[in-house]
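Letters go in sequence order (proteins before strands), and every chain restarts at 1.
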There are 2 protein chains.
Amino acid sequence: MSRPQPASQHTVRRHNSALVLDAIADAPGSSRAAVAARTGLTKATVSSLVDRMIGAGLVAEGEAQARSGPGRRGTALHLSPTGPHGLGVEIGVDYLATCLVDLTGRVRARWVRPSDNRASSPARVLAKVASAVRTAAKQDVPIGGVGVAVPGLVEVAGGSLRLAPNLGWREVDVRGELTRRLELDVPVLVGNEANLAALAELWHGDVAADFLHISGEIGIGAGIVVGGALFEGVSGFGGEIGHLSVDPRGPACACGSRGCLERLAGQDEIVRAAGVTGVDELLARLAAGDRTATTAVRSAARWLGVALSGAVNLLDLPTVVLGGTYARLEPWLHEPLHAELDRRVVSAEWSPVRVVASSLGAEAAVRGAATTAVRAILADPDPYVTSVLA
Amino acid sequence: MSRPQPASQHTVRRHNSALVLDAIADAPGSSRAAVAARTGLTKATVSSLVDRMIGAGLVAEGEAQARSGPGRRGTALHLSPTGPHGLGVEIGVDYLATCLVDLTGRVRARWVRPSDNRASSPARVLAKVASAVRTAAKQDVPIGGVGVAVPGLVEVAGGSLRLAPNLGWREVDVRGELTRRLELDVPVLVGNEANLAALAELWHGDVAADFLHISGEIGIGAGIVVGGALFEGVSGFGGEIGHLSVDPRGPACACGSRGCLERLAGQDEIVRAAGVTGVDELLARLAAGDRTATTAVRSAARWLGVALSGAVNLLDLPTVVLGGTYARLEPWLHEPLHAELDRRVVSAEWSPVRVVASSLGAEAAVRGAATTAVRAILADPDPYVTSVLA
DNA sequence: TGCGATAAGTTCAGGCATCAAACTTATTGG
DNA sequence: CCAATAAGTTTGATGCCTGAACTTATCGCA
């Protein structure tokens with residue numbers, strides 16, 4: 001934990017720059033006067049800050065606004081579509097994905113490629129990642145930051161990957177390595193794949209500010225959002241739910257414990273129990289009404305329900321979002337999962353837990369990573385502005 | 001959620017005042033120069049801020065410091081013992097308690113009185129509370145704020161009590177009512193009793209920045225501290241653990257669900273199962289090795305273990321603090337509770353959960369309430385300073 | 001006793017970001 | 001064409017921090 005920093009006039013401008021930018025992002029097309037009214041700053045201050053940000057290419061002026069009554073028309077302000085873009089990369093267990101988003105969070109390009117990252121050394125994978133980033137950065141848009149999603153425990157402040165069981169990685173300085181390998185001089189942010197998917201859901205999905213996002217791929221990850229902010233937990237360990245023991249007398253798990261959620265409701269287990277070779281085949285069988293497949297998914301749903309009810313009870317979360325593979329399986333998970341939650345969640349009687357499938361699908365994590373990179377600029381634009389104008 | 005406020009020079013001073021005060025609180029006896037070095041502010045700034053705070057009575061100068069080498073000796077600074085005090089009140093189910101602390105958090109006076117608050121209307125109880133506060137405030141020290149601990153769900157920002165099942169209260173505007181009834185012109189802060197006890201443990205106990213504090217009185221409450229800050233959760237509902245369902249097929253609870261922790265491990269249930277009339281008798285029987293009493297406590301410990309392992313798994317908390325009645329029962333709870341945690345907590349294998357009894361005992365909540373009041377001044381001294389100097 | 005070195009604390013000019021208010025510019029409606 | 005209205009700019013004042021010079025206090029050594 002670092003000591004708090006002293007504040008000076010510069011800090012004030014920093015704070016207010018973020019405030020102004022946030023107002024513009026929230027209500028695109030506002031005039032300077034509207035932003036002033038919204039933020040509580042004076043028109044003079046807003047003008048000065050906006051001019052700086054236009055100079056740095058974060059904000060652009062649009063057409064003069066229409067107006068019904070008398071008076072001069074305001075000039076519309078919005079986040080510049082040619083401003084810095086965020087580049088997201090996801091290091092999956094068996095693929096690499098990238099995603100390019102503009103300041104408003106809109107996806108401008110994406111790219112996915114299979115890659116067995118379990119079989120390669122971290123150094124080799126990171127070289128591939130660097131090359132993927134360079135390829136994606138070849139678009140003629142400026143890159144303002146890179147976000148990296150990894151399936152493991154991340155020490156967020158340092159950008160170092162502590163442990164990724166499903167990759168077989170341990171203590172890899174992802175930020176340091178990538179910063180070194182990229183010739184781009186931009187910040188590299190590293191985050192847990194489940195947390196970034198949850199943030200994508202918060203920013204681009206249709207759920208409110210409090211929810212638990214659970215995604216099943218090779219592993220099971222949960223991202224908890226409370227009050228519109230990611231709950232990082234102790235040492236960035238926000239809601240590692242995969243190895244929650246849901247059946248203390250259940251089968252042994254690779255982690256050493258027994259009856260872990262991942263062991264009972266993970267994608268691998270569902271596929272195995274259904275007797276299929278992959279998720280696509282599983283979905284085909286389910287659609288065809290195959291009994292074995294249905295049973296396998298319903299069993300997973302019940303274990304998921306046990307784990308989720310604990311989290312929901314403890315945190316009083318109103319909503320659960322199913323992401324990743326679970327989003328695709330949602331129609332078959334729905335009923336047993338809901339039954340379990342209704343039975344176990346205390347507050348279910350007067351306000352049932354809402355369970356929704358993510359609308360973002362498999363791209364949630366990369367998109368979250370990319371958006372995190374631009375959000376970092378929006379949340380504290382002044383260093384960026386200063387660096388561009390200097 | 002309120003929009004963020006614009007910043008101005010005043011905000012800077014506010015921030016830095018808190019920074020300086022924090023440095024003095026953290027290292028009492030520091031000189032202005034030491035504070036400057038520690039905070040990163042210049043000596044000039046520190047001098048100016050310190051002088052203001054001395055003027056307002058928050059900081060006092062001590063003796064000149066001893067020094068080994070050459071050079072002028074610094075004047076020791078510390079929080080003023082005659083500065084504003086925090087007054088805590090706890091509205092228990094069957095008692096009222098008050099506690100007066102100075103700026104450093106040291107207890108200067110306390111007072112407890114039985115009072116069956118279940119049987120009285122909120123208005124009558126709040127009148128008693130107001131009179132207790134007035135009595136406690138009769139000491140000749142200035143009161144800087146009042147903290148109120150209540151056994152129920154509190155909407156912290158508004159200071160309103162949403163629901164207190166064990167008091168039979170619902171939607172009581174505690175802050176508004178008390179502010180009106182007290183002639184003191186100081187802020188009144190209202191908080192959940194379990195959360196305030198957890199904060200007391202954080203500030204005055206001997207545990208680090210991450211833990212779960214669980215206290216058993218009439219109800220069971222948990223306060224979760226992550227990264228040295230209280231985790232408030234959704235709508236101030238931080239870790240309401242009492243009605244976590246630990247045995248879905250267990251006995252019906254007053255709340256409508258079944259097998260709630262409170263129903264299986266609450267003080268009332270332990271006392272009933274042990275066949276005694278109260279906790280004091282229970283302790284006597286336990287000390288005498290009474291079999292029924294021991295069995296009752298061990299059973300409660302196991303259910304507690306189930307509930308706590310869920311929370312600990314999800315939040316990756318390293319420590320559990322037993323407060324309230326559980327602190328007194330700790331010797332008998334210890335073994336079965338630990339067994340359950342070791343069995344259910346995933347990370348227990350490489351870092352076992354530490355379970356400790358609170359050293360603060362029954363006074364934790366009042367003390368937390370009182371300290372919250374002074375902490376509010378220390379965390380943002382400028383409004384107080386300005387009001388005193390004006 | 002006196003002097004140089006060292007460190008604490010104060011004073012003061014300078015800089016910077018905000019604010020309030022006056023001012024300029026653009027637009028509508030009569 | 002002008003009054004009314006609103007957007008956006010200019011200007012001077014204010015407040016707070018900074019850096020550097022300055023004053024004060026103390027030690028060690030001759």
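- Between A/Thr75 and A/Ser8, the residue anchored nearer the 5' end of DNA chain D, judged by the nucleotide with its closest heavy atom, is A/Thr75.
- Considering all non-hydrogen atoms of both residues, A/Leu103 and A/Leu58 come closest at CD1-O, 3.4 Å.
- For A/His78 against A/Ile24, the heavy-atom pair with the smallest separation is CA-CG2, 3.6 Å.
- Annotation: proximity of residues 44-56 of chain B to DNA chain C (heavy atom, distance under 4.0 Å) is found for B/Ala44, B/Ser47, numbered in ascending order.
- Contacts of A/Arg375 classified as salt bridge (Lys or Arg N to Asp or Glu O under 4.0 Å), with partners at least two apart in sequence or in another chain: none.
- Shown here for A/Pro84 and A/Gly144, the closest heavy-atom pair between the two residues is CB-CA, 3.7 Å.
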Legend entry - Criterion side chain to side chain contact (heavy atoms under 4.5 Å, CB included) on A/Arg175 and A/Asp173, from CA distance to verdict: CA-CA 6 Å; A/Arg175 164 139 90 207; A/Asp173 177 13; 4.2 Å; yes

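- Evaluation of the salt bridge (Lys or Arg N to Asp or Glu O under 4.0 Å) rule for B/Asp210 yields no partner, not counting sequence neighbours.
- A donor-acceptor contact under 3.5 Å is formed by the side chain of A/Gln9 with the base of D/dC16.
- Salt-bridge formation is detected for the pair A/Arg32/A/Glu61: a Lys NZ or Arg NE/NH1/NH2 atom is positioned less than 4.0 Å from an Asp or Glu carboxylate oxygen.
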Inset, instruction - Test side chain to side chain contact (heavy atoms under 4.5 Å, CB included) on B/Val374 and B/Asp102 and set out the steps. - result: CA-CA 7 Å; B/Val374 290; B/Asp102 67 13; over 6 Å; no

Output side-chain donor-acceptor pairs under 3.5 Å for residues 182-189 of chain B, partner residues at least two apart or in another chain, one line each.
none

Inset, instruction - Do nucleotides 23-30 of chain D as a string where each nucleotide becomes B, S or -: B if the base has a protein heavy atom under 4.0 Å, S if just the sugar-phosphate does, - if no protein is that close. - result: -BBBBS--

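- Looking at the side chain of B/Lys43, the nearest of the listed nucleotides C/dT10, C/dA20, D/dG8 is C/dT10.
- Residues of residues 11-36 of chain A that place a heavy atom closer than 4.0 Å to DNA chain C, in numerical order, are A/Val12, A/Arg13, A/Asn16.
- One atom, CG of B/Leu41, and another, P of D/dG19, lie 11 Å apart when rounded to the nearest Å.
- The shortest distance between side-chain heavy atoms of A/Leu202 and A/Val207 does not fall below 4.5 Å.
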